[in-house]
Amino acid sequence: MNAKKSSVIMGSALAGMLAMVSCSGPPEENLRVVPLTMPMASYNPNTRVVVAGVDYTEVHDEWMNPDIMKKAKSGNTRVVISRSAQRGQLMVGDEVAMDFPVCLGTSTHKTPLGHFNITEKKVHHVSNLYDASMPYFMRLTDGGIGMHVGPVFRTPQSHGCIRMTRSSCVPLFKTVKVGTPVRIVP
């Protein structure tokens with residue numbers, strides 16, 4: 001990660017807000033209240049992070065450059081997803097506007113490689129196959145593969161979709177259009 005990219009942390013209204021921890025029962029060991037985004041240098045993979053009762057221990061950093069996001073137009077954006085890195089990037093021209101963690105398909109339900117275009121966007125989508133809520137769904141294939149909000153871990157755990165955290169999926173959803181190219185690489 002270059003210094004320019006890493007110098008800007010998620011620039012939305014959520015940046016700077018602390019996540020509220022609300023767990024029922026006894027306090028968790030190693031629990032800490034964390035900003036919704038934090039610099040890579042402060043991320044400790046051995047500390048459990050529980051936000052609103054959900055364990056986000058495996059979630060990586062999210063980066064956004066608000067100046068580049070302002071340049072985003074329907075014709076100059078594209079998304080690149082890396083299966084091996086479990087990361088995604090929103091590109092505006094040749095500049096990285098967002099860099100975010102993703103959770104891709106397992107070995108039995110692999111996320112397909114290749115060039116795709118967003119063919120549908122739905123804020124409230126439910127999977128026909130798994131009867132699962134898939135908020136902020138951005139369809140890539142006729143077979144139901146898309147990008148959406150869901151649990152994000154360091155290992156592939158989806159049924160082929162590209163799961164994203166809400167804090168990265170919502171701004172991506174608002175920025176991309178039907179027709180935006182998406183490239184999934186090994």
Side-chain angles (χ1 to χ4, degrees), residues 1-2 5-6 8-12 14-15 19 34-40 43 45 49 51 54-65 68-69 72 77-92 95-123 125 127 129-130 132-141 143-178 180-186:
M1 219 181 284
N2 67 36
K5 182 175 135 190
S6 63
V8 179
I9 302 172
M10 193 75 167
S12 69
L14 295 177
V34 297
L36 288 175
T37 58
M38 57 188 159
M40 183 68 84
Y43 178 72
V49 179
V51 179
V54 178
D55 189 343
Y56 286 97
T57 303
E58 300 296 330
V59 174
H60 302 235
D61 302 359
E62 300 167 322
W63 302 95
M64 180 188 292
N65 184 318
I68 297 173
M69 289 293 285
T77 58
R78 62 190 164 88
V79 178
V80 180
I81 304 293
S82 168
R83 270 197 336 202
S84 60
Q86 298 282 303
R87 303 274 317 165
Q89 292 182 327
L90 172 64
M91 305 296 294
V92 175
E95 297 178 287
V96 177
M98 290 177 61
D99 187 303
F100 47 89
V102 296
C103 185
L104 303 176
T106 64
S107 60
T108 56
H109 294 92
K110 285 194 176 192
T111 303
L113 296 174
H115 295 270
F116 305 90
N117 291 83
I118 296 173
T119 58
E120 174 188 25
K121 290 174 56 180
K122 285 177 75 177
V123 173
H125 180 75
S127 166
L129 188 58
Y130 300 106
S133 177
M134 301 160 78
Y136 294 94
F137 185 71
M138 295 164 273
R139 181 180 300 279
L140 299 177
T141 71
I145 301 296
M147 301 180 289
H148 62 85
V149 171
V152 176
F153 303 99
R154 287 186 169 179
T155 57
Q157 294 187 21
S158 81
H159 286 99
C161 277
I162 300 159
R163 290 194 233 156
M164 301 172 61
T165 63
R166 181 172 298 277
S167 56
S168 59
C169 193
V170 172
L172 182 73
F173 184 91
K174 290 178 178 179
T175 303
V176 299
K177 308 290 183 227
V178 169
T180 297
V182 177
R183 184 172 172 218
I184 304 173
V185 299

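Counting from 1, the numbers follow the sequence of the chain as shown. Remember, it's a predicted structure, so these values are computed and weren't measured experimentally.
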message: Under the criterion side-chain contact (heavy atoms from CB on, under 4.5 Å), I'd like the reasoning laid out for Arg166 against Tyr136: C-alpha separation, chi angles, the key distance, then a yes or no.
response: CA-CA 9 Å; Arg166 181 172 298 277; Tyr136 294 94; 3.4 Å; yes
task: Determine, stepwise, if the pair Phe173 / Val149 fulfils side-chain contact (heavy atoms from CB on, under 4.5 Å).
output: CA-CA 10 Å; Phe173 184 91; Val149 171; over 6 Å; no
message: Applying side-chain contact (heavy atoms from CB on, under 4.5 Å) to Met64 and Met69, what does each step give before you reach the verdict?
response: CA-CA 8 Å; Met64 180 188 292; Met69 289 293 285; 3.6 Å; yes
task: Would you sort out whether Val182 and Ile118 count as a side-chain contact (heavy atoms from CB on, under 4.5 Å), showing the intermediate values?
output: CA-CA 7 Å; Val182 177; Ile118 296 173; 3.9 Å; yes
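Of all heavy-atom pairs between Pro186 and Ser82, the closest is O-OG, 3.7 Å. Minimum interatomic distance between Pro156 and Thr106 (heavy atoms only, all atoms of both residues): O-CG2, 3.7 Å. For Leu172 against Met164, the heavy-atom pair with the smallest separation is CD2-CE, 3.5 Å. When all heavy atoms are compared, the tightest approach of His148 to Cys161 is NE2-CB, 3.4 Å. Closest approach of Gly160 to Pro112, counting heavy atoms only: O-CD, 4.3 Å. Here the closest heavy-atom approach between residue Cys103 and residue Gln86 is recorded as CA-OE1, 3.5 Å.
Atom CG of Asn65 sits about 11.5 Å away from atom CG of Asp99, to the nearest 0.5 Å. Rounded to the nearest 0.5 Å, atoms OG (Ser158) and CE (Met147) are 13.0 Å apart. Distance CG/Leu113 to CZ/Arg183: 10.0 Å, rounded to 0.5 Å. Taking CZ of Phe116 as the start and CD1 of Ile184 as the end, the distance is 4.5 Å to the nearest 0.5 Å. One finds the CZ atom of Arg163 at 9.5 Å from the OG1 atom of Thr111 (value rounded to the nearest 0.5 Å). Residue Lys110 holds its NZ atom at 11.5 Å from CG of Leu104, rounded to the nearest 0.5 Å.
Looking only at side-chain heavy atoms (C-beta outward), Pro181 and His115 stay at 4.5 Å or farther from each other. The shortest side-chain heavy-atom distance between Phe100 and Val152 does not fall under the 4.5 Å cut-off. Residues Ile68 and Val96 are not in side-chain contact: their nearest non-hydrogen atoms beyond the backbone lie 4.5 Å or more apart. Inter-residue side-chain proximity for Pro151 and Gln157 is flagged as unmet; no heavy-atom pair is nearer than 4.5 Å.
Residues in residues 112-122 take part in these salt bridge (Lys or Arg N to Asp or Glu O under 4.0 Å) pairs, two or more places apart or across chains: Glu120-Arg139.
Relative orientation of the His125 and Phe137 rings is parallel, given thresholds of 30° and 60° on the angle between their planes.
With a 6.0 Å radius and a threshold of 12 heavy atoms from other residues, nucleotides or ligands, Arg83 has its CZ atom above the threshold.
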